[in-house]
Novice: 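Take this structure first; my questions come after.
Remember, it's 1-based here, ligands and their atoms both numbered in the order they're listed.
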Amino acid sequence: MRTHCPYCALQCAMHVIAVDDGYRVTGDPTFDINAGDLCVKGFTAAATLRHPERLTTPMVRDGGILRAASWDEALDRAAGGFRAIADRHGDDANAVFGSGALTNEKTYALGKFARLALRTSRFDYNGRFCMSSAAAAVNRSLGIDRGLPFPLAWLGETSCLLIAGGNPLATMPPLARYLDAQRARGTSIVIDPRRTEFAAGASLHLQPAPGTDAILAVGLLHVLIAERLVDADYIADRTSGFDAVRRIAEREEPARVERRTGVEAEAILAAARLLAAAPAAIVLTARGVEQHANGTDTVNAYLNLALALGLPGRAHSGFGTLTGQGNGQGGREHGQKSDQLPGYRRADDPLARAHVAGVWGVGPEALGHAGERGFELLSAVGSAVRGMLIVASNPVVSAPNAGAVRAAFAKAEHLVVCDFFLSETTEYAHVVLPALQWAEESGTMTNLEGRVLLRERVVAAPAGPRSDLAILRALALRLDRPEAVCHEEPEAVFEELRRATAGGPADYAGVTYARLRGGAQLQWPVPAVDHPGTPALFATNFPTDDGRARFVAVEPVTAAEVPDAEYPWYFTTGRVREHYLSGTQTRRVEALARAVPSPYVEMHPRLAAVVGVGDGERVKICSRRGTIALQARITTAIRSDTLFAPFHWGGALTVNDLVDARSDRFSAMPAFKACAVRVERLPNE
Ligand SMILES: Nc1nc2c(c(=O)[nH]1)N[C@H]1C(S)=C(S)[C@@H](COP(=O)(O)OP(=O)(O)OC[C@H]3O[C@@H](n4cnc5c(=O)[nH]c(N)nc54)[C@H](O)[C@@H]3O)O[C@H]1N2
Ligand SMILES: Nc1nc2c(c(=O)[nH]1)N[C@H]1C(S)=C(S)[C@@H](COP(=O)(O)OP(=O)(O)OC[C@H]3O[C@@H](n4cnc5c(=O)[nH]c(N)nc54)[C@H](O)[C@@H]3O)O[C@H]1N2
Ligand code: SF4
Ligand SMILES: [Mo]
């Protein structure tokens with residue numbers, strides 16, 4: 001029996017084989033997406049299953065230290081703490097922070113738990129830090145948010161592929177199969193301040209200053225309009241709002257855009273022409289353009305390009321985002337954020353409230369209202385938020401302005417964390433509940449193209465840990481909230497989820513475990529059990545009020561902290577191939593830790609000369625939020641005014657200590673990808 005990877009949204013299929021000292025993973029050659037291929041993280045994923053540091057008992061904090069406890073004691077403490085806080089300060093003094101690592105079933109159960117067991121309006125999840133800007137942008141323009149609204153295979157079949165702010169050869173290596181095929185048949189454009197291996201192989205590589213993509217994208221539209229390369233029929237028949245967008249674009253001439261982004265006018269002209277010349281084209285964004293304080297507008301600026309060329313709804317064409325986390329897609333659909341109900345329904349829609357309340361057997365008023373999001377929620381810990389349940393996230397490493405998050409968490413009255421390892425975040429926890437891992441329990445994951453996959457249990461669960469579903473159920477029972485209780489069997493929860501999502505935008509009513517086990521490949525919406533799923537959206541209309549896609553008039557500006565005399569350089573962050581997010585899992589895999597033991601900072605030789613630092617020497621990097629010392633990696637593959645560091649480490653190596661928490665007003669996405677820093681050489685140790 002096969003299962004799927006614990007890490008990213010590609011959800012490669014794999015087999016887990018028992019070997020002498022644990023388990024080994026191999027890729028499943030019969031699954032279309034990875035065809036047997038795995039990246040180094042997937043290939044080594046089994047190392048976490050029987051890891052010596054795996055949590056096997058719950059822990060509670062006594063006298064300042066975490067000690068082992070029985071499940072009864074830990075669950076009593078966890079539930080008792082939330083109850084005491086609610087009694088003294090009201091239900092909204094408790095909060096929940098969930099994750100795109102959770103299965104659909106857990107996502108659903110967690111949202112229900114927050115609403116009906118804690119009765120709080122304060123719950124959100126780490127997807128706020130992931131693809132939320134892309135979600136907000138496509139929702140307002142296309143009326144629906146499915147990361148890739150077409151089959152993944154189209155990436156290999158389109159004639160021109162533009163990827164802005166993505167580094168797929170490092171973040172989804174098995175995609176290389178599709179990307180290579182695409183490059184063999186057509187043209188490609190990469191937009192990234194770094195000349196990654198992926199960018200270096202493109203027909204064209206545009207290297208804007210971090211945070212200036214909205215200007216660049218409007219500049220590209222300027223060229224399309226000036227050279228009459230837009231699809232006037234499509235704009236007239238299938239869209240609204242073009243005139244306002246055109247008026248803004250007309251001002252952004254290539255020479256002006258060059259001054260504001262650092263991308264040569266010639267390259268802007270060439271990129272626009274290349275894109276327009278292709279018989280089919282796909283425009284994709286990833287975190288590089290989404291993780292900005294104007295990330296939503298920036299995504300809409302790229303989406304406007306796709307609309308102007310008439311791409312969405314055409315074969316082998318369109319606009320999409322590369323969703324990141326394992327269940328980054330399903331995690332944003334089933335109600336673990338306070339503004340949303342299962343099935344990607346809006347929490348402020350009376351019909352949606354009535355439907356979900358009906359499934360839950362409560363009145364619509366029991367569903368509460370929306371509270372703070374993202375960094376705002378995390379930084380309220382210790383003040384408005386006194387108790388918090390965190391399931392599958394390590395925000396002490398992964399949230400922006402991490403120093404402020406640590407300060408907030410240090411004041412938490414009652415922090416309960418579910419994880420399978422201790423993490424930088426459990427250092428602040430009062431109760432730690434050990435969870436089962438991916439291969440030890442079943443559940444559905446929805447991949448980056450909206451395909452629902454059954455990630456099967458393929459190994460026996462170790463004694464000690466429990467599934468997140470069992471934990472949520474036990475907590476709801478201890479809080480005496482039977483209406484909040486979900487089953488602990490994933491399939492039973494999924495049956496409830498099917499009913500709750502029926503008729504919603506992300507309709508799972510027709511998905512069943514039996515169909516998935518039978519090999520059905522179902523991309524939502526799947527409204528009925530005899531429905532084949534929906535590989536491609538928008539062929540005839542958009543799910544907006546008038547059936548048209550909306551151009552969104554975007555100001556061509558940067559919202560980032562701009563370098564100045566005191567902090568003269570841009571700083572941006574991202575990933576390495578070997579580590580995953582906050583690193584709790586991959587830093588514990590020996591092969592990965594050995595390959596990349598610590599973070600580093602990339603800088604151009606010209607910048608290094610200004611700082612007076614050589615390759616491998618240490619530098620101190622300071623922003624308005626914090627300071628960190630890193631080893632310099634000198635490379636010409638980055639703009640000479642920009643530094644880049646991967647963020648997978650904690651403690652003194654917390655790159656997010658530098659990062660700016662100013663956030664996008666639509667998506668609550670912080671500015672992970674652009675802030676201003678100063679650099680100094682450190683004496684050799
Ligand atoms: N190995 C590995 N793979 C992963 C993950 C991981 O942690 N490790 N995480 C998964 C998850 S959750 C996610 S969200 C995805 C993320 O996948 P990606 O979005 O591909 O990854 P990032 O490295 O965050 O950013 C991509 C690129 O954006 C560029 N960039 C930085 N600033 C800017 C800018 O202002 N404009 C533009 N145009 N580009 C910019 C960076 O130089 C970088 O090369 O990866 C998934 N896969
Ligand atoms: N500077 C900077 N910061 C960033 C980003 C960036 O590009 N730059 N990217 C952002 C992005 S895109 C993301 S997605 C976030 C993510 O950042 P986090 O939310 O911190 O995500 P993870 O590191 O995956 O944390 C997951 C934790 O939950 C545990 N876990 C995994 N699966 C499960 C499960 O099923 N159940 C339970 N109970 N525990 C589980 C893991 O052991 C780990 O400790 O980081 C963001 N932070
Ligand atoms: S690409 Fe993603 S899903 Fe595939 S093996 Fe690597 S981490 Fe796992
Ligand atoms: Mo992410």
Novice: Any heavy atom of Val397 closer to ligand 2 than 4.0 angstrom?
Specialist: no
Novice: Side chain, backbone, both or neither: which part of Ser582 has a heavy atom under 4.0 Å from ligand 2?
Specialist: both
Novice: Using a strict 4.0 Å cut-off to heavy atoms of Ala101, name the atoms of ligand 2 that fall inside it.
Specialist: 32 (N)
Novice: Say whether Ser423, considering both its backbone and side-chain N or O atoms, lies within less than 3.5 Å of an N or O atom on ligand 2.
Specialist: no
Novice: Indicate the ring-plane relationship of His414 and Phe82, choosing parallel, tilted or perpendicular according to the 30° and 60° boundaries.
Specialist: perpendicular
Novice: Could you check whether Arg373 pairs with Glu376 (Lys NZ or Arg NE/NH1/NH2 to Asp/Glu carboxylate O, under 4.0 Å)?
Specialist: no
Novice: Can you give the donor-acceptor pairs under 3.5 Å from side chains of residues 569-576 to other protein atoms, not counting sequence neighbours?
Specialist:
unit_1, atom_1, unit_2, atom_2, d
Thr572, OG1, Lys673, O, 2.9
Thr573, OG1, Phe672, O, 2.9

Novice: Checking Arg61 side chain against Glu427 main chain: does a donor-acceptor pair fall under 3.5 Å?
Specialist: yes
Novice: Show the atoms of ligand 2 that are less than 4.0 angstrom away from any heavy atom in Cys130.
Specialist: 12 (S), 14 (S)
Novice: Val289 and side chain to side chain contact (heavy atoms under 4.5 Å, CB included): which partner among Leu284, Thr321, Asp192, Thr298?
Specialist: Thr298
Novice: Using atom types as modelled and distance alone, determine if a side-chain donor or acceptor of Gln340 lies under 3.5 Å from a backbone N or O of Gly335.
Specialist: yes
Novice: With no hydrogens and no angle check, is any side-chain donor or acceptor of Arg478 less than 3.5 Å from a backbone partner on Ala78?
Specialist: no
Novice: Quick check: does any side chain N or O of Arg625 sit under 3.5 Å from a backbone N or O of Leu658, one acting as donor and the other as acceptor?
Specialist: yes
Novice: Look at Asp145 together with Arg332 and state whether they make a salt bridge at an N to O cut-off of under 4.0 Å.
Specialist: yes
Novice: Using a strict cut-off of less than 4.0 Å between a Lys/Arg side-chain nitrogen and an Asp/Glu carboxylate oxygen, indicate whether Arg50 and Glu440 qualify as a salt bridge.
Specialist: yes
Novice: Counting only heavy atoms, tell me which of Ile471, Asn394, Asp468 gets closest to atom 34 (C) of ligand 2.
Specialist: Asp468
Novice: Taking the non-hydrogen atoms of Gln437, is any one of them nearer than 4.0 angstrom to ligand 2?
Specialist: no
Novice: Return the orientation label for the Tyr580 and Tyr7 ring planes: parallel under 30°, perpendicular over 60°, tilted otherwise.
Specialist: tilted
Novice: Would you mind running through ligand 2 and noting each atom that sits below 4.0 Å from a heavy atom of Lys106?
Specialist: 35 (O)
Novice: Considering the heavy atoms of Thr584, write down every atom of ligand 2 situated less than 4.0 Å from one of them.
Specialist: 42 (O), 43 (C), 44 (O)
Novice: May I ask you to identify, for Gln585, whether its side chain, its backbone, both or neither come under 4.0 Å of ligand 2 on a heavy-atom basis?
Specialist: side chain
Novice: Quick one: give me the number of protein N/O/S atoms under 2.8 Å from atom 4 (Fe) of ligand 3.
Specialist: 1
Novice: Flag the pair Leu469 / Pro490 as yes when at least one side-chain heavy-atom distance between them is below 4.5 Å, and no otherwise.
Specialist: yes
Novice: Quick one: which ligand 2 atoms are inside 4.0 Å of a heavy atom on Thr573?
Specialist: 1 (N), 2 (C), 6 (C), 8 (N)
Novice: Cys418 to ligand 2: N or O pair under 3.5 Å?
Specialist: yes
Novice: Does ligand 2 come near enough to Asn656 that some N or O of the ligand is less than 3.5 Å from an N or O of the residue?
Specialist: yes
Novice: Starting from atom 42 (O) of ligand 2, locate the nearest protein heavy atom and write down its residue, its atom name and how far away it is, to 0.1 Å.
Specialist: Asp419 OD1, 2.7 Å
Novice: Counting heavy atoms only, which of Arg575, Arg466, Met131, Gln325 comes nearest to atom 12 (S) of ligand 2?
Specialist: Arg575
Novice: Should we count CZ of Phe198 as having more than 12 external heavy atoms under 6.0 Å?
Specialist: yes
